[in-house]
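Only heavy atoms go into these numbers, but all of them, side chains included; no hydrogens, no water, no symmetry mates.
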Amino acid sequence: MALHVGIGTSRNSESSFEAGREACERALEKIPEHKAEMIVVLASIIFDQAEMIKGVYTKASGAPVVGCSTAGTITTEGPLEHVVAVLALHSDTLEFHPVKVENISKSMHAAGKSFGTKLKEKAPKVAFLFSDALSGNGTEMVRGIFELLGSGFPLMGGAAGDDMNFKKTYQYFQDQVLNDAMVGFGISGNVK
């Protein structure tokens, strides 16, 4: 079993599209065959969100893309602000299952249950979640997930940020930029 991880960043302030493209390309350069099975994007809101995610998606070569806006990102370069950061994952034995739930503010608990339901059929061993922090009580969302996947299920991730403005956050799914959503992915296979 092998899990290969590539991390790439860009601070290209001239073009949001190029910032996304560059960060993804740099991440892909660090994994076998420069091909990912999963792409995770964390980006500052200083970038045009739609253009940035288009740039990432053009380099993703069909790999699922998820992520969110941030107030800062910790990478192998250390803590960074005003950056696009991309994590590219490649494995010869693991399977990645992207999930999206929209309109989560209607009921954070129900949104969590929906996320759990969509993942449960894939029998994941672990899941990652990125949600709109401004949509409501994140604890209720997590309770909903645990109702479906079990209280001991390994769940990681975080809530989207907006450079500490607390006005509007963004979630990314494929080439879409969303609000009031939760996105993430499960991993199944021989996970330890």
*Kindly compute the distance separating SG (C68) from CZ (F173), expressed to the nearest 0.5 Å.*
14.0 Å

*Would M156 end up clustered with F185 when hydrophobic side chains under 4.5 Å apart are linked, directly or stepwise?*
yes

*Indicate, with yes or no, if V40 and L178 share a hydrophobic cluster defined by side-chain heavy-atom contacts under 4.5 Å among Ile, Leu, Val, Met, Phe, Trp and Tyr.*
yes

*Determine whether F146 and V126 fall in the same hydrophobic cluster, where Ile, Leu, Val, Met, Phe, Trp and Tyr are linked whenever their side-chain heavy atoms lie under 4.5 Å apart.*
no

*Around atom CE of M164, are there more than 12 heavy atoms of other residues, nucleotides or ligands at under 6.0 Å?*
no

*Closest non-hydrogen atom pair, Y172 against A43*: OH-CB, 3.6 Å

_Tell me if the NZ atom of K100 is crowded by more than 12 foreign heavy atoms within 6.0 Å._
yes

_Quick check: do I39 and V86 have side-chain heavy atoms less than 4.5 Å from each other?_
yes

*Minimum side-chain heavy-atom gap S91-H4 below 4.5 Å*: no

_For A85, is there any backbone N or O sitting under 3.5 Å from a side-chain donor or acceptor partner on R26?_
no

*Do the non-hydrogen side-chain atoms of S10 and V83 ever get within less than 4.5 Å of each other?*
no

*Side-chain heavy-atom pair K120, L149 within 4.5 angstrom cut-off*: yes

*Taking atom types as modelled and ignoring hydrogens, do the side chains of N12 and E18 form a donor-acceptor contact shorter than 3.5 angstrom?*
no

_I'd like to know if the side chain of K125 and the backbone of N190 have a donor-acceptor N/O pair within less than 3.5 Å._
no

*Taking C-beta and beyond as the side chain, do Y170 and N179 meet within less than 4.5 Å on heavy atoms?*
yes

*asked:* So F115 and L119, do their side chains get closer than 4.5 Å, heavy atoms only?
replied: yes

_K30/T76 under side-chain contact (heavy atoms from CB on, under 4.5 Å): CA gap, chis, key distance, verdict_ = CA-CA 13 Å; K30 298 171 184 159; T76 51; 5.7 Å; no

*Measure the shortest side-chain to side-chain distance between V41 and M52 over non-hydrogen atoms and say whether it is less than 4.5 angstrom.*
yes

*Would you say H34's side chain and L28's backbone share a donor-acceptor pair under 3.5 angstrom?*
yes

*Closest heavy-atom contact between I45 and S69?*
CG2-CB, 3.8 Å

*Output the distance between atom CD (Q171) and atom CG (L129), rounded to the nearest 0.5 Å.*
10.0 Å

*How long is the gap from CG on L148 to NZ on K118, to the nearest 0.5 Å?*
12.0 Å

*So, D132 and T169: side-chain donor and acceptor under 3.5 Å apart, yes or no?*
yes

*asked:* For a quick check under 3.5 Å, do E147 and H109 share a side-chain donor-acceptor pair by atom type?
replied: yes

_Over all atoms of both residues, closest heavy-atom pair of G67 and V183_ = O-CG2, 3.4 Å

*asked:* Is there a side-chain contact between F128 and L87 in this structure, where contact means two heavy atoms from C-beta onward sitting under 4.5 Å apart?
replied: no

*Salt bridge between K54 and E51, side-chain N to carboxylate O under 4.0 Å?*
yes

*To the nearest 0.5 angstrom, please state how far the CG atom of L94 sits from the CG atom of L89.*
9.0 Å

*Heavy atoms only: give me the nearest S44-Q49 pair and the separation to one decimal.*
O-NE2, 3.1 Å

*Should L80 and R11 be marked as a side-chain contact (heavy atoms from CB on, under 4.5 Å) after you check the CA-CA gap, both sets of side-chain angles, and the distance that decides it?*
CA-CA 10 Å; L80 304 173; R11 293 179 183 260; 3.1 Å; yes

*Ignoring hydrogens and angles, tell me if any N or O in the side chain of D162 forms a donor-acceptor pair with the backbone of K167 under 3.5 Å.*
yes

_Under 3.5 Å: donor-acceptor pair, side chain of H90, backbone of K35_ = yes

*Smallest separation among heavy atoms of P124 and F153, with atom names*: O-CE1, 3.4 Å

*So if you build clusters from Ile, Leu, Val, Met, Phe, Trp, Tyr with side-chain heavy-atom gaps below 4.5 Å, do M38 and L155 land together?*
no

*asked:* Using a 3.5 Å distance criterion without hydrogens, assess whether the side chain of T117 forms a donor-acceptor pair with backbone atoms of K113.
replied: yes

_With side-chain contact (heavy atoms from CB on, under 4.5 Å) as the criterion, how do M108 and T139 come out once you've worked through the C-alpha distance, each side chain's angles and the decisive distance to 0.1 Å?_
CA-CA 8 Å; M108 295 295 277; T139 301; over 6 Å; no

*Say whether, by atom type as modelled, one donor and one acceptor occur between the side chain of T9 and the main chain of V84 under 3.5 angstrom.*
no

*With rounding to the nearest 0.5 Å, note down the distance linking NE2 in H82 to OG1 in T70.*
9.0 Å

*Out of curiosity, K106 NZ to D180 CG, how far, rounded to the nearest 0.5 Å?*
8.5 Å

_Go through it in stages, so that I can follow the logic: the residues are R21 and T58, the test is side-chain contact (heavy atoms from CB on, under 4.5 Å), and I'd like the CA-CA distance, side-chain angles, deciding distance and then a yes or no._
CA-CA 7 Å; R21 189 194 65 73; T58 61; 4.2 Å; yes

_For a quick test of reading the model, state the closest non-hydrogen atom pair linking P98 to V66 and the distance between them._
CB-CG1, 4.3 Å

*Same hydrophobic cluster for Y57 and L42, using side-chain heavy-atom links shorter than 4.5 Å among ILVMFWY?*
no

